[in-house]
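These numbers were taken from a predicted model, which means no experiment stands behind them. The analysis underlying the following values was restricted to heavy atoms, covering all of them including side chains, and did not include hydrogens, waters or symmetry mates. To find a chain, count down the sequence lines: A is the first, B the second, and so on, and within it residues start at 1.
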Amino acid sequence: MRGWIRTRRDSKAGLSFLAVNDGSAFDSLQVVAPSSLPNYADGVLKLSTGCSVICTGQLVQSQGKGQSVEVQATKVEVLGLVDNPDTYPVQPKQHTLEFLREVAHLRPRTNTFGAISRTRHCIAQAIHRFFHEQGFVWVNTPIITASDAEGAGQMFRVSTLDLSNLPRDDKGKLDFHKDFFGKETFLTVSGQLNVEAYCLALSKVYTFGPTFRAENSNTARHLAEFWMIEPEIAFADLAADAQLAEDFLKYVFKAVLNERQDDLKFFVERHDKSVVTRLEQFVGSSFERIDYTKAIEILEKSGQKFEYAPKWGADLQTEHERYLVEKHVGRPVVVMNYPEAIKAFYMRMNEDERTVAAMDVLAPGIGEIIGGSQREERLDLLDKRMAKMKLNPDHYQWYRDLRRYGTVPHAGFGLGFERLVVYVCGLQNIRDAIPYPRAPGQAEF
RNA sequence: UCCCUGAUAGCUCAGCUGGUAGAGCGGGUGACUGUUAAUCACCAUGUCCCUGGUUCGAGUCCAGGUCAGGGAGCCA
């Protein structure tokens, strides 16, 4: 047994009980260290929370209550002591998550972050497995990009220029020809446009990789660096997209329910009582599908007082989404066909010429969890929308090519991986769903 | 970025209307016990976030700043 000490309890019967954890499961293993060990006094009795050990012995049925098995140690090798136990930050007690964020290098040694890490891994594996089983190809879209995708938010600049001596052109403007890529480049805010090209060749594809947003938004739902999943399917419409989203989420949640019972039990005890029932209800229910226009009607007729009155043409507020999901329907809802003005240029124009084939999947207890759309595959209509939104077609030539050469109806959606982790684990803050959170003013570790 | 709240021991916090600091947990020491975040006793611990101001005197009041949390906007 190789791992780190969680607690040590001594018995004057000539024994010490070591709770040793190696992160492979939620529970620690109890190692019984007898005082007859040669290093008992100067080794075992010096062990405190956080020390690393290698214990050798026999796994036997436990003679005490509280665990089924334990190790009767014949050897306890102390690898690393804790310098000063008085200041070791991770104590065998409940810490606040805020405090643990300040010790991000040691928080994986806590019950909470061990459980989150294993669950995060389980979710990631389930996602890849789901797509793989369905015949999807994982496509790694570029992290450095020259396009600003859909104009979705602020981007991080990527440059090797000397900030203290920037090259200028005749007009005094920055000369990016001198930069590494010979043009302005940024970290990606979405792999969607790139993955569409692969979709229109491999039929079923997805991205799963890091994504960056430089917006100065400091909330429990935002990270500057996060992981995003974006499936894209060819020969598909919005209904197929919604069905994929439903199958996808249910598959992932089922996997967590099956594989991480130990960690889920802990989340229920310490973080969110409703974690397991919420996931069970989610996988057991069929999603309601509802048009945006209908949703506005429902909200208007609800008699509910909203801070912002629901109005056709405006985006749904968080309070609106919560009412729809939690009060009106009571299970996951897919809201479809939004007004074109509030949605991105690449979303497919509907026959009514006022809405586009966009969808949001709303889940009880969190709100929007997935956003997607059928893409505009008709070049003339795509150009029309780009013009309307004042996008420069020159920047999207290769994207327009996809509509010129063998275009087909296709659709996809995107979801933030950490938001999924937050939902599954019952967390409050997205900064606890990723090992080293990056946020405005926060790039420690 | 805006609004609100907060920052006191290693951690979680208390400290009333201004009079230079306390508890629980953790740590150390000892006792006790096949123990379970053990129990009991004793011991130690502080730039009261920073800078300035008011005052005889500031953890406490005022101003500015930094950081954090909650909410909003934006979004994944």
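Here the C1' atom of nucleotide B/U39 and the CZ atom of A/Phe17 are 14 Å apart, to the nearest Å. In this entry the distance linking CD1 of A/Ile5 with C1' of B/G26 reads 17 Å, nearest Å. The NZ-P distance, from A/Lys46 to B/U29, rounds to 9 Å in whole Å. In this structure, A/Leu316 places its CG atom 13 Å from P of B/C75, rounding to the nearest Å. As rounded to whole Å, 15 Å separates atom P of B/C11 from atom CG of A/Leu97. We find that CZ of A/Arg109 is positioned 17 Å from C1' of B/G26, with the value rounded to whole Å. The interatomic distance linking A/Met155 (CE) with B/C75 (P) rounds to 15 Å, in whole Å. Here B/G34 presents its P atom at 17 Å from CG of A/Leu18, a figure rounded to the nearest Å.
When the C1' atom is compared between B/C42 and B/U54, the two are found 45 Å apart, to the nearest whole Å. Comparing B/U17 with B/G6, their P atoms are spaced 13 Å from each other, to the whole Å. One C1' atom belongs to B/U45, the other to B/G24, and the distance between them is 15 Å to the nearest Å. On the P atoms, B/C16 is 14 Å away from B/A21, given to the nearest whole Å. As rounded to the nearest Å, B/G26 and B/U39 have P atoms that lie 7 Å from one another. Look at the P atom in both B/U35 and B/G30: the space between them is 22 Å, to the nearest Å. Here the separation of B/C62 from B/G19, taken at their P atoms, is 15 Å to the nearest Å. Across the C1' atoms, B/G15 and B/C74 are found 41 Å apart, a figure rounded to whole Å.
Residue-level contact check: A/Ile229 touches neither bases nor backbone, having no heavy atom under 4.0 Å from any strand. Residue A/Glu230 is out of contact with every strand shown, counting any heavy-atom pair closer than 4.0 Å. At the heavy-atom level, A/Arg107 lies nowhere under 4.0 Å from the strands shown. A/Ser16 comes within contact range of no nucleotide atom at all, as no heavy-atom separation falls under 4.0 Å. Using a 4.0 Å heavy-atom distance criterion, A/His222 is classed as a base contact. Within the 4.0 angstrom heavy-atom criterion, only backbone atoms of the sugar-phosphate kind lie near A/Leu415; the bases stay farther away.
Considering A/Phe208, A/Tyr423, A/Trp227 as possible partners of A/Phe417, the one that fulfils the ring-ring contact (aromatic ring centres under 6.0 Å, His included) test is A/Phe208.
Remark: A/Tyr40 OH to A/Lys46 NZ distance equals 12.5 Å, nearest 0.5 Å.
At B/C75, none of the side-chain N or O atoms of A/Arg213 fall inside 4.0 Å of OP1 or OP2 (strictly under the cut-off).
A search for side chain to side chain contact (heavy atoms under 4.5 Å, CB included) contacts involving A/Glu444 returns A/Gln442, not counting sequence neighbours. Applying the side chain to side chain contact (heavy atoms under 4.5 Å, CB included) rule to A/Val422 yields the partners A/Leu427, A/Ile430, A/Ala433; only residues at least two apart in sequence or on another chain are considered. By the side chain to side chain contact (heavy atoms under 4.5 Å, CB included) test, A/Phe445 is found to be paired with A/Ala104, A/His105, A/Tyr436, residues two or more places apart in sequence or in another chain being considered. Scored by the side chain to side chain donor-acceptor pair (under 3.5 Å) test, A/Glu280 finds no partners at all (sequence neighbours excluded). Under the salt bridge (Lys or Arg N to Asp or Glu O under 4.0 Å) criterion, A/Glu230 pairs with no residue at all, not counting sequence neighbours. Qualifying side chain to side chain contact (heavy atoms under 4.5 Å, CB included) partners for A/Ser159, counting only residues two or more places apart in sequence or in other chains: A/Arg157, A/Leu161, A/Asp179.
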Under 3.5 Å donor-acceptor pairs involving side-chain atoms of residues 245-252 of chain A, not counting sequence neighbours:
{"residue": "A/Glu246", "atom": "OE1", "partner": "A/Arg289", "partner atom": "NH1", "Å": "3.1"}
{"residue": "A/Glu246", "atom": "OE1", "partner": "A/Arg289", "partner atom": "NH2", "Å": "2.9"}
{"residue": "A/Glu246", "atom": "OE2", "partner": "A/Lys250", "partner atom": "NZ", "Å": "2.7"}
{"residue": "A/Glu246", "atom": "OE2", "partner": "A/Phe287", "partner atom": "N", "Å": "3.3"}
{"residue": "A/Asp247", "atom": "OD1", "partner": "A/Gln243", "partner atom": "NE2", "Å": "3.0"}
{"residue": "A/Lys250", "atom": "NZ", "partner": "A/Ser285", "partner atom": "O", "Å": "2.7"}
{"residue": "A/Tyr251", "atom": "OH", "partner": "A/Arg129", "partner atom": "NE", "Å": "3.3"}
{"residue": "A/Tyr251", "atom": "OH", "partner": "A/Glu133", "partner atom": "OE1", "Å": "3.1"}
{"residue": "A/Tyr251", "atom": "OH", "partner": "A/Glu133", "partner atom": "OE2", "Å": "3.1"}

Could you give the side-chain donor-acceptor pairs of residues 48-55 of chain A under 3.5 Å, partners two or more places apart or in another chain?
{"residue": "A/Thr49", "atom": "OG1", "partner": "A/Arg6", "partner atom": "O", "Å": "2.9"}
{"residue": "A/Ser52", "atom": "OG", "partner": "A/Gly80", "partner atom": "N", "Å": "2.9"}

For nucleotides 7-10 of chain B, which of its nitrogen or oxygen atoms have a protein nitrogen or oxygen under 3.5 Å away, and what is each distance?
{"residue": "B/G10", "atom": "N2", "partner": "A/Gln91", "partner atom": "OE1", "Å": "2.7"}
{"residue": "B/G10", "atom": "N2", "partner": "A/Gln91", "partner atom": "NE2", "Å": "3.4"}
{"residue": "B/G10", "atom": "N3", "partner": "A/Gln91", "partner atom": "NE2", "Å": "3.0"}

For nucleotides 68-72 of chain B, list the nitrogen or oxygen atoms of the protein found under 3.5 Å from its nitrogen or oxygen atoms, one pair per line.
{"residue": "B/G69", "atom": "OP1", "partner": "A/Arg101", "partner atom": "NH1", "Å": "2.6"}

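Ring geometry for A/His271 versus A/Phe266: interplanar angle over 60°, hence perpendicular rather than tilted (30 to 60°).
If you check distances only, the side chain of A/Gln67 does reach the base of B/U35 with a donor-acceptor pair under 3.5 Å. A donor N or O paired with an acceptor N or O is not found under 3.5 Å between the base of B/U12 and the side-chain atoms of A/Gln94.
Under 3.5 Å, the side chains of A/Tyr206 and A/His128 contain a donor-acceptor pair of N or O atoms.
Closest to the A/Arg9 side chain, of the nucleotides B/C74, B/G34, B/U35, is B/U35.
Panel note: side chain A/His95, backbone A/Gln91; a donor-acceptor pair is recorded below 3.5 Å.
Take the nearest nucleotide of RNA chain B for A/Thr49 and for A/Asp10: the residue whose nucleotide is more 5' is A/Thr49.
Remark: RNA chain B forms stems of 3 or more consecutive Watson-Crick or G-U wobble pairs, all pair distances under 3.5 Å, at B:1-7 with B:66-72, B:10-13 with B:22-25, B:27-31 with B:39-43, B:49-53 with B:61-65.
Sorted by first and then second residue, the pairs that involve residues 110-126 of chain A and meet salt bridge (Lys or Arg N to Asp or Glu O under 4.0 Å), not counting sequence neighbours, are A/Arg118-A/Asp263, A/Arg120-A/Glu418.
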